[in-house]
Amino acid sequence: MGRQSYCFEDRGGREVILRPEMTPSLARMVAAQGELQLPVRWFSMPLCYRYERPQRGRVREFLQFNLDILGSENLAAELEVILVLQGIMDSFKAPSSIYRIGWSSRRFMSDALSRCGVSNELAGEVFSAIDKRDKMSTDKWADFLLGACGGDSSVTSQVISLVSVESLADPWLVDLMTGSTAFQEVVEFNKLLQEVGIPSAVFSPGVVRGLDYYTGIVFELMDTGGENKRSLCGGGRYDNLVGLFGNKRISGVGFGLGVLTLTLFLETYGLIPDRVKEASTADVYIAVATPEAIAAACLLTALVRSNGFRVMMDVSGKKLGKQFNEASRYRIPFVVTVGSEEINSGNYKMKNLVDGSIFTGSQEEIVGRLK
RNA sequence: GUGGGUGUAGUUCAGUUGGUAGAGCCCCUGAUUGUGGUUCAGGUGGUCGCCGGUUCAAGCCCGGUCACCCACCCCA
């Protein structure tokens, strides 16, 4: 956590940091609880902050949907959070062809790199180099990797073979990972994914994720088109995070989904739902015909609201036509007019702005009609 | 942290070799005195980001500065 955190000194001279993501805060909360019924399932939509130069898909203050399961070491927990992620994409009707959930395992990659001949001292460098693979040409990256591997060309070619693997049944990989429990776990998880049927999930040894608290399965959701280069979502298993803030050792798995990156993705593919684009701000507009009717209009507004409807009342004092215009602009489907006629007779007129029809009745009948 | 681009009306943008500040949309008023969308007529609205310089004259040229956008870096 370095120069991209938004930190400053508060008035008491303390160094403080605006949270750059939610997971450590969640781990702190869980560590602080005396007794918990495990596993814990938790979601949140926090504002987070990063001190970076803004650009497409990246701003200094952003919303992130977070979902975590703590207290289960079963692969079902990984499967469950990915299933929810898939469900979110399905709810936006995003076809699995336009995005990809690339996944791998930290434990597996550490073991595999070691078996490729990468020393523990160089493992961090090599991880970092793998993360940069998509940012340069194949040849250039090979040179870069050679540097990270300490100039050892045979180790480098082994690592290139590793990240090029496309199938867990690859004979070279199976031979390399003989007897590895981390590999067994990856194979098992792949089997689960196939049995459940998550077509967008693809085993990708190149996915390592930058966050260093991840220990097991890691995954990220990317746009497969070229438009959005930032990952929409990243997640994985973290075994030691809760333990940092207390003496309980609780393993967790979860993900963070960027609302801004998701929105850009949905816009790119025209998937913003109509109910969002055409959302109305209220169910009913209360038009006020004369200044003498203001109090009665307020009472009617309160009545309709107490029945569970969203109400916008005129506060402009403009002519009725202008008030109807405002209701129309806000896509509010019904307008009830309050004036001396209505107050005297007890009969109110409610116009349906969608079809133009007018319903006349008492206040109670108006409310009943809305239901 | 590095590089590029853009700053003109509420908004999206024009603005010629330097010579009186423009359009569409929005908004406001009326046609239509208590019922929206369409149409028609009219209208409001700008310290041209800010500071300085050159010039008889700067939206336009020059220097600086700020803001935003894009990319790099980074993405724990």
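Letters A, B, ... are given to chains in the order of the sequence lines, protein chains preceding strands, and every chain is numbered from 1. Only this structure's heavy atoms are used, side chains among them; waters, hydrogens and symmetry mates stay out. Keep in mind that this is a model prediction, so the values were computed, not measured.
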Expressed in whole Å, how much space separates the [atom1] atoms belonging to [N] and [M]?
N	M	atom1	value
B:G22	B:U8	C1'	10 Å
B:A57	B:U17	C1'	15 Å
B:C48	B:G59	P	7 Å
B:U2	B:C73	P	15 Å
B:G49	B:C13	P	15 Å
B:U12	B:C26	C1'	11 Å
B:A21	B:G63	P	25 Å
B:G18	B:A58	P	13 Å

Output yes when at least one side-chain N/O atom of A:Lys318 is less than 4.0 Å from OP1 or OP2 of B:C28, else no.
yes
Using OP1 and OP2 only, check whether a side-chain N or O of A:Gln55 sits under 4.0 Å from B:C72.
yes
Tell me which pairs pass salt bridge (Lys or Arg N to Asp or Glu O under 4.0 Å) where either residue lies in [range], with sequence neighbours left out.
range	result
residues 335-354 of chain A	A:Glu341-A:Lys349
residues 51-62 of chain A	A:Glu52-A:Arg58
residues 147-175 of chain A	none
residues 298-323 of chain A	A:Asp283-A:Arg310

Stretch residues 124-141 of chain A: residues that reach within less than 4.0 Å of RNA chain B through a heavy atom
A:Lys132, A:Lys135
Just checking, is any N or O donor in the side chain of A:Thr268 or A:Asp223 under 3.5 Å from an acceptor N or O on the other one?
no
Side-chain H-bond candidate by donor/acceptor type, A:Gln323 with A:Tyr285, under 3.5 Å
no
Between [N] ([atom2]) and [X] ([atom1]): distance, integer Å:
X	N	atom1	atom2	answer
A:Arg50	B:C75	CZ	P	10 Å
A:Tyr330	B:C27	OH	P	10 Å
A:Leu232	B:C75	CG	P	19 Å
A:Glu61	B:C75	CD	P	22 Å

Could you tabulate the donor-acceptor pairs under 3.5 Å formed by side-chain atoms of residues 196-206 of chain A, not counting sequence neighbours?
{"unit_1": "A:Ser200", "atom_1": "OG", "unit_2": "A:Gln86", "atom_2": "OE1", "d": "3.0"}
{"unit_1": "A:Ser204", "atom_1": "OG", "unit_2": "A:Arg100", "atom_2": "NH1", "d": "2.8"}
{"unit_1": "A:Ser204", "atom_1": "OG", "unit_2": "A:Val202", "atom_2": "O", "d": "3.0"}

Can you give each donor-acceptor pair under 3.5 Å made by side-chain atoms of residues 129-144 of chain A, sequence neighbours left out, with the distance rounded to 0.1 Å?
{"unit_1": "A:Lys132", "atom_1": "NZ", "unit_2": "A:Ser128", "atom_2": "OG", "d": "3.4"}
{"unit_1": "A:Ser137", "atom_1": "OG", "unit_2": "A:Lys140", "atom_2": "N", "d": "3.3"}
{"unit_1": "A:Trp141", "atom_1": "NE1", "unit_2": "A:Ala129", "atom_2": "O", "d": "2.8"}

Does [atom1] belonging to [X] count more than 12 external heavy atoms closer than 6.0 Å?
X	atom1	answer
A:Glu73	CD	no
A:Asp10	CG	yes
A:Asn344	CG	yes

May I ask you to list the residues sharing a hydrophobic cluster with A:Val59, side-chain cutoff 4.5 Å, ordered by chain and number?
A:Phe62, A:Leu260, A:Leu264
Atom pair CG (A:Asn190) and CG (A:Leu75), whose distance is rounded to the nearest 0.5 Å
11.5 Å
Identify the pairs formed between an N or O of the protein and an N or O of nucleotides 2-5 of chain B at a distance under 3.5 Å, and give each distance.
{"unit_1": "B:U2", "atom_1": "O4", "unit_2": "A:Arg53", "atom_2": "NH1", "d": "3.1"}

A:Arg329 near the nucleic acid: base, sugar-phosphate alone, or nothing, with a heavy-atom cut-off under 4.0 Å?
sugar-phosphate
Sequence-aligned protein contact record of nucleotides 30-45 of chain B, with B where the base is within under 4.0 Å of a protein heavy atom and S where only the sugar-phosphate is
S---BBBB--------
Sort by first number and list every stem of RNA chain B: at least 3 consecutive Watson-Crick or G-U wobble pairs, both distances under 3.5 Å.
B:1-7 with B:66-72, B:10-13 with B:22-25, B:27-31 with B:39-43, B:49-53 with B:61-65
Check the angle between the aromatic planes of A:Tyr49 and A:Tyr6 and answer parallel, tilted or perpendicular using the 30° and 60° thresholds.
perpendicular
Which atom pairs, donor and acceptor, lie under 3.5 Å between side-chain atoms of residues 233-241 of chain A and protein residues at least two apart or in another chain?
{"unit_1": "A:Arg237", "atom_1": "NE", "unit_2": "A:Glu78", "atom_2": "OE2", "d": "2.6"}
{"unit_1": "A:Arg237", "atom_1": "NH1", "unit_2": "A:Ser72", "atom_2": "O", "d": "2.9"}
{"unit_1": "A:Arg237", "atom_1": "NH1", "unit_2": "A:Ser251", "atom_2": "OG", "d": "2.6"}
{"unit_1": "A:Arg237", "atom_1": "NH2", "unit_2": "A:Ser72", "atom_2": "O", "d": "3.0"}
{"unit_1": "A:Arg237", "atom_1": "NH2", "unit_2": "A:Asn74", "atom_2": "O", "d": "3.4"}
{"unit_1": "A:Arg237", "atom_1": "NH2", "unit_2": "A:Glu78", "atom_2": "OE1", "d": "2.9"}
{"unit_1": "A:Tyr238", "atom_1": "OH", "unit_2": "A:Asp68", "atom_2": "OD2", "d": "2.6"}
{"unit_1": "A:Asp239", "atom_1": "OD1", "unit_2": "A:Ser251", "atom_2": "OG", "d": "2.6"}
{"unit_1": "A:Asp239", "atom_1": "OD2", "unit_2": "A:Arg107", "atom_2": "NH1", "d": "3.2"}
{"unit_1": "A:Asp239", "atom_1": "OD2", "unit_2": "A:Thr215", "atom_2": "OG1", "d": "3.0"}
{"unit_1": "A:Asn240", "atom_1": "OD1", "unit_2": "A:Arg249", "atom_2": "NH2", "d": "2.9"}

